There are 2 protein chains.
Amino acid sequence: MPVAKGARLDPARTRAEILRAATALFYAHGLDGIGVAELCARAGISKETLYRHFGSKDGLVEAVLEARSDRTVHWLERAAEAAGDDPERQLAAVFDALEGWYGEPAFRGCAVVNAAIQHREGPALGIAVRHLVRYHDLLTGIAARAGAADPAAVGAQLLYLLEGATVVAGHQGGDGARGPTGQAKAAALTLLRAAR
Amino acid sequence: MPVAKGARLDPARTRAEILRAATALFYAHGLDGIGVAELCARAGISKETLYRHFGSKDGLVEAVLEARSDRTVHWLERAAEAAGDDPERQLAAVFDALEGWYGEPAFRGCAVVNAAIQHREGPALGIAVRHLVRYHDLLTGIAARAGAADPAAVGAQLLYLLEGATVVAGHQGGDGARGPTGQAKAAALTLLRAAR
DNA sequence: CCTTCATCGAACCGATCAGTTCGATGAGAG
DNA sequence: CTCTCATCGAACTGATCGGTTCGATGAAGG
């Protein structure tokens with residue numbers, strides 16, 4: 001990142017570096033909790049560079065959220081695929097991955113959903129809705145392969161569990177008062193088995 | 001609320017009116033989406049009155065969140081009590097109440113949880129953690145009365161469902177793209193029955 | 001009647017913010 | 001070597017924000 005004055009690096013690399021820094025800062029401090037000036041300082045770039053690449057702070061937020069949604073969804077899809085063909089194993093793998101995420105010290109919930117809660121207007125809400133639909137599709141697919149009578153309904157139930165566990169886990173770290181965790185996978189498997 | 005210049009109304013009533021307006025405005029626009037000046041205008045009071053009652057915007061936020069948490073928890077407790085002695089009926093009543101709430105056009109998710117997501121520092125996070133603990137206590141009590149082997153674990157599972165359904169429902173209204181709803185109660189009952 | 005005081009309304013303050021502009025710099029391309 | 005242009009860094013703008021202050025007002029209480 002120590003880009004010199006007249007550096008002519010790959011512009012795509014500059015853009016990626018801005019995205020990387022902005023993703024972490026928006027997640028940690030909230031969309032309104034970090035200013036463009038500080039963001040540029042932390043990313044090691046100038047304001048002019050940021051505005052040439054993204055046009056506005058909202059444009060940067062949109063790019064960050066799109067990338068974050070893609071990464072998270074693909075991460076869970078890969079976790080399910082890697083678990084083999086058994087739908088129960090796939091579901092267990094998804095929730096194992098999630099619970100590993102919850103344990104990271106910087107975990108603060110889902111960045112996309114959090115952003116939509118912070119900025120009801122603007123691109124965040126639409127991206128979050130699509131994000132939830134993708135989660136729902138993933139879980140509905142597992143329910144369908146498990147032979148559920150109404151896969152979309154079971155997918156919705158599993159989606160509630162996933163999002164609820166994420167929200168609850170996201171509130172643990174600042175204070176004490178941690179509620180019981182590790183129940184999300186058990187609940188998900190119970191719901192899937194009850195649907196067959 | 002058209003309070004005249006030298007009005008000597010019950011100060012407690014003035015305070016309550018500020019709280020009422022602030023609760024709605026913070027919920028609709030977010031904690032950072034509404035300024036003190038506009039809030040005062042909408043509440044029909046002057047800035048000096050607001051600052052005498054609450055000291056700061058953060059003080060007002062704290063009072064709003066405390067009151068909102070109390071109201072919501074008591075509302076669900078009453079819904080459960082009114083359903084009689086059968087734990088399954090109590091759980092159904094809680095999720096019926098929630099799903100009625102989700103259908104309101106102004107529904108935007110849980111104000112307390114949303115606030116903690118917006119302001120990670122300050123009083124919001126602590127209030128939200130306590131809020132979730134109270135929800136967990138309510139649901140754990142139902143699980144215990146239903147004879148669950150591990151009531152706290154079942155309470156956590158139900159808490160995930162409750163929060164997840166709230167978050168998902170809170171993202172439906174701005175855009176189209178509504179996911180399946182109405183599955184929260186069915187999932188909750190499935191989990192409760194599986195635990196007996 | 002007269003004191004008290006909650007209230008209004010408007011001006012004011014310092015800080016911060018998103019976004020713009022510009023001269024200087026230096027690496028890569030021809 | 002020279003032109004191009006992405007980049008830096010710093011200054012600047014206009015708006016908004018949270019919070020303070022103050023004189024005027026008028027209802028309640030003695």
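Below, read A as the first sequence line, B as the second, and so on, with proteins coming before strands; counting in each chain starts at 1. All values derive from a computational prediction rather than experimental measurement.
Distance from the side chain of Ser46(B) is smallest to dG9(C) among dC8(D), dA18(C), dG9(C). The side chain of Lys57(B) approaches dG18(D) more closely than any other nucleotide in the set dA6(C), dG18(D), dG23(C). Side-chain atoms of Lys47(A) lie closest to dG19(C) of the nucleotides dG9(C), dG19(C), dC8(D). Each of dT7(C), dG19(C), dG19(D) was ranked by its minimum atom distance to the side chain of Ser56(A); first place goes to dG19(C).
Proximity of Thr14(B) to the phosphate of dT7(C): a side-chain N or O atom is located under 4.0 Å from OP1 or OP2. Residue Thr49(A) places at least one side-chain N or O closer than 4.0 Å to OP1 or OP2 of dC8(D). In terms of phosphate contacts, Arg52(A) brings no side-chain nitrogen or oxygen within less than 4.0 Å of OP1 or OP2 of dA6(D). Residue His53(B) places at least one side-chain N or O under 4.0 Å from the OP1 or OP2 atom of dT7(C).
Going from atom CD1 of Ile18(A) over to atom C1' of dT7(D) covers 11 Å, rounded to whole Å. Rounding to whole angstrom units, CG of residue Leu39(B) and P of dG19(D) are separated by 12 Å. Rounded to an integer number of Å, the gap from CD of Glu38(B) to C1' of dG19(D) is 17 Å. One atom, CD1 of Ile45(B), and another, P of dG19(D), lie 14 Å apart when rounded to the nearest Å. Summarising the geometry, the separation between NE2 on His29(B) and P on dT16(D) is reported as 15 Å, rounded to the nearest angstrom. Taking atom OH on Tyr51(A) and atom P on dT21(C), their separation rounds to 13 Å, with Å as the unit. If you measure from atom CG of Leu50(A) to atom P of dT21(C), you get 16 Å, rounded to the nearest angstrom. Here the C1' atom of nucleotide dC17(C) and the CG atom of Leu60(A) are 15 Å apart, to the nearest Å.
Taking the charged nitrogens against the carboxylate oxygens, Arg193(B) and Glu88(B) do have a contact shorter than 4.0 Å, which makes a salt bridge. Ion pairing of Arg134(A) with Asp70(A) is present here, as a side-chain N (NZ or NE/NH1/NH2) and a carboxylate O approach within less than 4.0 Å.
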Should His119(A) and Asp32(A) be marked as a side-chain hydrogen bond (donor to acceptor under 3.5 Å, both in side chains) after you check the CA-CA gap, both sets of side-chain angles, and the distance that decides it?
CA-CA 9 Å; His119(A) 282 192; Asp32(A) 297 327; 2.8 Å; yes
Verdict with reasoning, Phe26(B) to Lys57(B), per side chain to side chain contact (heavy atoms under 4.5 Å, CB included):
CA-CA 11 Å; Phe26(B) 284 146; Lys57(B) 188 182 183 182; 3.9 Å; yes
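Classified by interplanar angle (parallel below 30°, tilted 30° to 60°, perpendicular above 60°), the ring pair Tyr102(B)/Phe107(B) is tilted.
When the nearest nucleotides of DNA chain C are assigned to Glu48(A) and Asp32(A) by heavy-atom distance, the more 5′-ward of the two goes with Asp32(A).
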